[in-house]
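Heads up: the structure comes next, in structure tokens.
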Amino acid sequence: MNKLRILRFLEWFCPPELYEGIAGVEEIDTIMKLGMAHPMGPLQLADFIGLDVCLSILNVLHEGFGNPKYAPCPLLIKIVTAGGLGVKTGEGFYTYTPGSKDLTVSKYFLRQ
């Protein structure tokens with residue numbers, strides 16, 4: 001993966017479409033899996049990486065480049081502050097139950 005692809009991928013740690021309520025977690029991951037032939041969507045991958053790690057990466061890029069496009073999404077900050085770190089805590093963009101491979105959208109993102 002080249003540097004430009006990595007930087008573009010980092011924007012998907014919390015896409016504006018999710019933050020603005022245009023699309024949900026499942027829709028974003030499904031679009032990337034079907035449209036780009038990725039084995040998992042960017043939000044599920046962020047859960048595996050660790051949302052705290054994703055936040056840290058974005059903070060370093062934002063501070064280093066001074067570019068607002070790398071500023072962490074407020075939604076990502078909120079989830080990490082609440083203890084949702086992804087797979088390692090069992091809660092992130094999805095809820096992870098030990099022994100289950102089912103993906104369940106996290107309580108943070110359930111549409112009312």
Side-chain angles (χ1 to χ4, degrees):
M1 197 181 262
N2 65 34
K3 291 177 186 175
L4 292 176
R5 281 184 164 171
I6 291 171
L7 293 177
R8 177 64 184 122
F9 171 75
L10 291 175
E11 294 174 14
W12 281 96
F13 283 160
C14 187
E17 295 80 8
L18 179 62
Y19 180 65
E20 295 169 5
I22 296 169
V25 172
E26 288 179 309
E27 290 88 359
I28 291 168
D29 275 354
T30 299
I31 287 168
M32 293 304 288
K33 287 190 283 189
L34 297 177
M36 303 298 281
H38 291 186
M40 69 176 66
L43 302 177
Q44 184 183 6
L45 180 57
D47 275 350
F48 278 98
I49 293 168
L51 299 185
D52 55 331
V53 174
C54 296
L55 179 59
S56 179
I57 291 168
L58 289 170
N59 281 328
V60 167
L61 288 172
H62 183 247
E63 292 168 12
F65 290 117
N67 189 330
K69 82 176 187 176
Y70 299 120
C73 172
L75 189 55
L76 182 60
I77 295 169
K78 179 180 175 183
I79 297 168
V80 171
T81 302
L85 307 181
V87 173
K88 60 185 152 187
T89 60
E91 195 78 39
F93 289 107
Y94 293 96
T95 299
Y96 298 90
T97 306
S100 175
K101 292 188 179 188
D102 293 335
L103 284 180
T104 305
V105 174
S106 171
K107 63 185 176 196
Y108 300 116
F109 303 102
L110 293 177
R111 293 187 180 197
Q112 306 289 337

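Remember, predicted model here, so these are calculated numbers, not experimental data. This chain uses plain numbering: 1 for the first residue, then up along the sequence.
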Consider only side-chain heavy atoms of I, L, V, M, F, W and Y, link residues closer than 4.5 Å, and tell whether [X] and [Y] are in one cluster.
X: Leu75; Y: Val53; result: yes
X: Tyr94; Y: Met40; result: yes
X: Ile77; Y: Leu18; result: yes
X: Val25; Y: Tyr19; result: yes
X: Leu51; Y: Phe109; result: yes

To the closest 0.5 Å, what do you measure between [atom1] ([X]) and [atom2] ([Y])?
X: Lys33; Y: Gln44; atom1: NZ; atom2: CD; answer: 6.0 Å
X: Leu103; Y: Glu26; atom1: CG; atom2: CD; answer: 8.0 Å
X: Leu76; Y: Asn59; atom1: CG; atom2: CG; answer: 9.0 Å
X: His38; Y: Thr30; atom1: NE2; atom2: OG1; answer: 13.5 Å
X: Met36; Y: Ile31; atom1: CE; atom2: CD1; answer: 11.5 Å
X: Ser106; Y: Ile79; atom1: OG; atom2: CD1; answer: 6.5 Å

Nearest non-hydrogen partners of [X] and [Y], listed with the distance:
X: Phe93; Y: Ala46; value: CE1-CB, 4.1 Å
X: Gly83; Y: Thr89; value: O-OG1, 3.4 Å
X: Met32; Y: Gly41; value: CB-CA, 4.5 Å

For a 4.5 angstrom cut-off between non-hydrogen side-chain atoms, does Thr95 reach Val105? no

Return the orientation label for the Tyr70 and Phe65 ring planes: parallel under 30°, perpendicular over 60°, tilted otherwise. tilted

